[in-house]
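Keep in mind it's a predicted model, so treat the numbers as computed, not measured. Below, all heavy atoms of this structure are taken into account, side chains as well, without hydrogens, waters or symmetry copies. Each residue takes its place number in the sequence, starting with 1. Counting convention: from 1, in listed order, for ligands and their atoms alike.
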Amino acid sequence: MPCRIAIDGPAGSGKTTVAKILANRLGIYYLDTGAMYRIIGLYLDEKGVENDSDIEKELSTIKLEFINGDFYLNGKRVGDEIRTPYAGICASKYAKKAIVRKFLTRIQQKISKNENIVVEGRDIGTVVIPDAEVKIFLVASTEERAKRRYKELLDKGVNVSYEEVLNEIILRDKQDTEREIAPLRQPDDAILIDSTKYTIEEVINKILEVVLERCKLKLQKE
Ligand SMILES: Nc1ncnc2c1ncn2[C@@H]1O[C@H](COP(=O)(O)OP(=O)(O)O)[C@@H](O)[C@H]1O
Ligand SMILES: Nc1ccn([C@H]2C[C@H](O)[C@@H](COP(=O)(O)OP(=O)(O)O)O2)c(=O)n1
């Protein structure tokens, strides 16, 4: 039986960081569904499409591949261009569209089917893998998340202000939780972890405790 670990939560709660380390330590796959929404969101924004029929037309021409942990859009490897605050806003905007969600959810379910995998996003435990063996809902205070994301972007040399990052997070939190389709919400059977006062290592250990108890996985690395 596969072990599928769903990690959902708002921007900056630590999903990507924790998911990558968990996958590495357990020697299993990792899927960043947010990156997929960022890729599609930026693409559709650049095309300037708004209505469903134009979006459908564009999606029918897109080839989105996931090869050895990297995404390729129409054959071109995707890089850090999707990590800007603007890309996050485009992702969140088009993530409200059922047609975009259907397109990406299908790919996500294909990638994660019958795999030992950590999948992170907003609707993994509710829509993408509702029967996941482990569901984590990872949160942190808005200020702590903005502080983390601000430091992360500065470390990457991205020229942003703290206010810009805070406002982007508040906007996306609102859009992601209030949208009609697949809103960000804690699955009833998810374990809530508030990482505000925990280090990355402490969060990982909390999740590993559950995973090693429920899944037949062994630590490949400490
Ligand atoms: N528990 C934590 N304590 C301090 N910093 C953290 C914690 N979890 C993540 N971070 C840092 O916060 C930033 C955003 O984390 P990330 O994993 O990208 O969040 P998400 O994927 O939920 O948006 C990263 O620089 C990461 O190193
Ligand atoms: N499974 C997902 C993943 C992301 N999204 C949307 C909503 C998010 O605001 C954007 C960007 O997601 P991403 O996980 O990259 O954002 P953070 O890393 O949490 O800041 O995409 C979604 O609707 N469903």
Side-chain angles (χ1 to χ4, degrees), residues 6-23 30-42 44-45 71 78 80-109 111-112 118-130 132 136-156 158 160 165-166 168-185 187 193-207:
I7 304 181
D8 291 305
S13 56
K15 301 181 299 300
T16 301
T17 306
V18 160
K20 275 183 179 167
I21 296 171
L22 275 170
Y30 155 69
L31 180 62
D32 175 357
T33 63
M36 299 170 82
Y37 280 93
R38 287 169 177 266
I39 293 166
I40 298 300
L42 266 184
L44 294 174
D45 178 66
F71 284 106
V78 172
D80 268 355
E81 68 276 14
I82 63 166
R83 295 298 171 194
T84 62
Y86 184 70
I89 287 170
C90 293
S92 184
K93 172 187 167 188
Y94 287 100
K96 291 186 277 190
K97 295 277 184 184
I99 193 151
V100 171
R101 302 209 72 86
K102 187 163 167 260
F103 176 79
L104 288 177
T105 298
R106 193 177 48 78
I107 300 172
Q108 292 157 10
Q109 289 175 327
I111 292 171
S112 56
V118 190
V119 186
E120 54 122 332
R122 299 295 188 285
D123 62 339
I124 311 309
T126 50
V127 177
V128 181
I129 319 175
I136 304 292
F137 196 69
L138 187 57
V139 300
S141 70
T142 308
E143 293 66 30
E144 174 65 14
R145 293 185 286 123
K147 197 181 81 180
R148 291 173 183 176
R149 181 51 47 85
Y150 176 59
K151 182 180 176 307
E152 177 188 19
L153 290 168
L154 284 193
D155 290 350
K156 280 184 182 168
V158 178
V160 280
V165 173
L166 179 65
E168 179 234 344
I169 283 183
I170 291 169
L171 170 66
R172 289 204 284 130
D173 283 354
K174 186 168 168 30
Q175 288 188 143
D176 297 348
T177 51
E178 293 179 0
R179 68 186 180 218
E180 251 167 62
I181 304 148
L184 170 62
R185 65 170 183 79
I193 298 177
D194 183 336
S195 70
T196 307
K197 294 192 172 30
Y198 290 124
T199 64
I200 293 169
E201 201 51 38
E202 285 169 331
V203 174
I204 287 167
N205 288 335
K206 283 176 176 294
I207 300 173

Can you confirm whether Tyr37 sits close enough to Arg122 that some side-chain heavy atom of one is under 4.5 Å from a side-chain heavy atom of the other?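 The answer is no; the side chains never approach within 4.5 Å.
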
Given that the side chain starts at C-beta and the backbone is N, CA, C, O, which of these parts of [X] lies under 4.0 Å from ligand 2, counting heavy atoms, or is it both or neither?
X	answer
Arg101	side chain
Arg38	side chain
Arg172	side chain
Ala11	both
Met36	neither
Arg179	side chain

Ser92 versus Gln175, side-chain donor and acceptor atoms under 3.5 Å: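 A pair is found: one side chain offers a donor N or O, the other an acceptor, under 3.5 Å apart.
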
Ser195 and Arg148: side chain donor to acceptor below 3.5 Å: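 Distance-only check passes for Ser195 and Arg148.
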
Under a 4.0 Å N-O cut-off, is there an ion pair linking Asp32 with Arg83?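 Judged by the 4.0 Å cut-off on N to carboxylate O distance, Asp32 and Arg83 do form a salt bridge.
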
Between Leu138 and Glu120, is a side-chain contact (heavy atoms from CB on, under 4.5 Å) present by the stated rule, with each step listed? CA-CA 10 Å; Leu138 187 57; Glu120 54 122 332; over 6 Å; no

Quick one: which of Gly14, Ala140, Gly9 has a heavy atom closest to atom 19 (O) of ligand 1?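 Considering heavy atoms of Gly14, Ala140, Gly9, the nearest to atom 19 (O) of ligand 1 sits in Gly14.
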
May I ask which of Lys156, Lys15, Arg149 has a heavy atom nearer to atom 18 (O) of ligand 1 than the others do?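 Checking each option, the heavy atom nearest atom 18 (O) of ligand 1 is found in Arg149.
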
Any idea which part of Leu138 is under 4.0 Å from ligand 1, heavy-atom wise: side chain, backbone, both or neither?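 Looking at Leu138 and ligand 1, no heavy atom falls under 4.0 Å.
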
Consider every N or O of Gly12 and every N or O of ligand 1, then say whether any pair is closer than 3.5 Å.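 Yes - when backbone and side-chain N and O of Gly12 are compared with those of ligand 1, one distance drops under 3.5 Å.
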
Tell me the protein heavy atom at minimum distance from atom 25 (O) of ligand 1, and give that distance in Å.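 Checked against all protein heavy atoms, atom 25 (O) of ligand 1 sits closest to Glu152 CB, 3.4 Å.
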
How long is the span from the CD1 atom in Ile39 to the CG atom in Leu104, to the nearest 0.5 Å?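 These two atoms lie 9.0 Å from each other.
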
Are any of the heavy atoms in Gln175 under 4.0 Å away from ligand 2?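 Heavy atoms of Gln175 never come under 4.0 Å of ligand 2.
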
With atoms numbered from 1 as shown, which atoms in ligand 2 lie under 4.0 angstrom from a non-hydrogen atom of Ala91?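 Every atom of ligand 2 under 4.0 Å from some heavy atom of Ala91: 10 (C), 11 (C), 21 (O).
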
